[in-house]
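Just so you know, these numbers use all the heavy atoms, side chains as well, and skip hydrogens, waters and symmetry mates. Bear in mind the structure is a predicted one, so any value in this text is a computation, not a measurement.
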Amino acid sequence: MPVVLSLNIAQKTIPVGYAKKGATAIDKRPVDGPLEVSPPGPKGTAGSGVQGDQIGDWNHHGGDYQAVYGYAREDLDFWQAELGVGLHNGQFGENLTTQGIDHTHALVGERWRVGTALLEVSAPRVPCRTFAGFLGQSGWVKRFTQEARPGAYFRVVEAGLIAPGDEITVVHRPGHDVTVEMFFRAVTTDADLLPRLLEAGDSVPPDVIELVHRRRVVELDS
């Protein structure tokens, strides 16, 4: 049975040189919980959807479509072996470290019952300078992008409580084939995939839908 191995938060931002805004809350650490998850509000006006968690840069992170970030322990173990360093739960800035469920091939719009909350897969995590600086790995953004194990962002469909040990149940799978991996490749290495993201409807963040439409206009004008 898929489960939440740990629930991770950062309670305060820490000024650092590698963060775009001079501060970050990427250093998430496991807590006992349970904690409430809820829709935080539109991107740019709100941070994390997890109680007690903070985000350093609201312009690029957080908001309703990035309310909760999940990463599989299996993928952390992969990177642990690749990098030759220990990676604790929360090391990638994830709120939920899970076991027994695949984030990479989850469908955008797929709904997971986690604790008493209902989460919907909304987007992949795109690596940034803060992530690279925090890990201290040379060429990390390129390496993470090439491997395409981005983890999944979720929006909160039903607010509720989540705690370590909670079971994860997939309660809905949409009828398209837009996976987290496809989404990730579309916005990083293969822009030709961008129109495919529209198949996932309003499960896709509005700023990404806008990006797709802008690209179409450019193509028509060229």
Side-chain angles (χ1 to χ4, degrees), residues 1-10 25-26 28 30-43 45-55 58 61-76 89-90 92-126 149-184 197 199-209:
M1 175 68 70
V3 297
V4 176
L5 282 185
S6 68
L7 178 63
N8 317 302
I9 63 172
I26 195 173
K28 312 291 187 196
V31 294
D32 290 338
L35 296 179
E36 183 177 12
V37 298
S38 58
K43 188 174 183 178
T45 68
S48 175
V50 182
Q51 177 187 353
D53 187 40
Q54 292 186 349
I55 287 175
W58 284 11
H61 303 285
D64 287 336
Y65 284 81
Q66 296 181 0
V68 180
Y69 177 45
Y71 205 77
R73 183 64 240 185
E74 292 86 347
D75 289 332
L76 282 174
N89 292 350
F92 279 17
E94 77 272 15
N95 301 114
L96 303 179
T97 309
T98 67
Q99 185 173 56
I101 193 162
D102 184 358
H103 295 243
T104 304
H105 299 103
L107 297 172
V108 175
E110 192 168 297
R111 292 187 173 187
W112 298 5
R113 177 68 68 182
V114 188
T116 62
L118 182 62
L119 307 181
E120 182 178 275
V121 176
S122 56
R125 186 260 195 83
V126 176
R149 296 172 185 246
Y153 278 118
F154 300 85
R155 63 174 175 169
V156 181
V157 179
E158 295 177 6
L161 297 173
I162 296 178
D166 281 345
E167 295 181 356
I168 302 170
T169 304
V170 178
V171 298
H172 170 71
R173 285 191 176 93
H176 58 71
D177 62 355
V178 180
T179 64
V180 168
E181 180 184 15
M182 180 194 291
F183 193 145
F184 181 74
L197 302 185
E199 298 171 19
D202 62 5
S203 296
V204 177
D207 57 336
V208 177
I209 292 176

For the student: nearest non-hydrogen atoms of [X] and [Y], plus distance:
{"X": "I101", "Y": "P2", "result": "CB-CB, 3.8 Å"}
{"X": "P205", "Y": "S122", "result": "CD-O, 3.3 Å"}
{"X": "P150", "Y": "T104", "result": "CD-OG1, 4.4 Å"}
{"X": "V180", "Y": "V121", "result": "CG2-CG1, 3.5 Å"}
{"X": "P40", "Y": "A46", "result": "O-CB, 3.1 Å"}
{"X": "L7", "Y": "L96", "result": "CD1-CD2, 3.6 Å"}

Between L119 and V157, does a side chain to side chain contact (heavy atoms under 4.5 Å, CB included) hold up when you go through it step by step? CA-CA 6 Å; L119 307 181; V157 179; over 6 Å; no
Run the side chain to side chain contact (heavy atoms under 4.5 Å, CB included) check on L118 and V156 step by step: do they pass? CA-CA 6 Å; L118 182 62; V156 181; over 6 Å; no
Give a yes or no answer on whether the side chain of Q51 reaches the backbone of E36 with a donor-acceptor pair at less than 3.5 Å. yes
Can a donor-acceptor pair be found, under 3.5 Å and without considering hydrogens, that links the side chain of T116 to the backbone of L161? yes
Rounded at 0.5 Å granularity, tell me how far [atom1] in [X] sits from [atom2] in [Y].
{"X": "S38", "Y": "E158", "atom1": "OG", "atom2": "CD", "answer": "13.0 Å"}
{"X": "E94", "Y": "L76", "atom1": "CD", "atom2": "CG", "answer": "5.0 Å"}
{"X": "W112", "Y": "I168", "atom1": "CH2", "atom2": "CD1", "answer": "6.0 Å"}
{"X": "D64", "Y": "F154", "atom1": "CG", "atom2": "CZ", "answer": "15.5 Å"}
{"X": "D102", "Y": "E74", "atom1": "CG", "atom2": "CD", "answer": "8.5 Å"}
{"X": "R111", "Y": "T169", "atom1": "CZ", "atom2": "OG1", "answer": "15.0 Å"}

Which of these passes side-chain hydrogen bond (donor to acceptor under 3.5 Å, both in side chains) with K28: T97, D53, N95? D53
Go through it in stages, so that I can follow the logic: the residues are D177 and E199, the test is side chain to side chain contact (heavy atoms under 4.5 Å, CB included), and I'd like the CA-CA distance, side-chain angles, deciding distance and then a yes or no. CA-CA 8 Å; D177 62 355; E199 298 171 19; 3.6 Å; yes
Counting C-beta onward and ignoring hydrogens, is there a side-chain heavy-atom pair between V204 and V108 closer than 4.5 Å? yes
Show, in sequence, the C-alpha distance, side-chain angles and deciding distance for L197 and F183, and conclude whether the side chain to side chain contact (heavy atoms under 4.5 Å, CB included) test is met. CA-CA 7 Å; L197 302 185; F183 193 145; 3.9 Å; yes
Over 60° means perpendicular and under 30° means parallel, so classify the ring planes of F92 and Y71, tilted if in between. tilted
Strictly below 4.0 Å, N to O, side chains only: are D207 and K43 in salt-bridge contact? yes
Under-4.0 Å salt bridge between D75 and R149: yes
Can you find a side-chain donor-acceptor pair between [X] and [Y] that sits under 3.5 Å?
{"X": "N8", "Y": "N89", "value": "no"}
{"X": "H172", "Y": "E110", "value": "no"}
{"X": "R125", "Y": "Y69", "value": "yes"}
{"X": "S203", "Y": "E120", "value": "yes"}

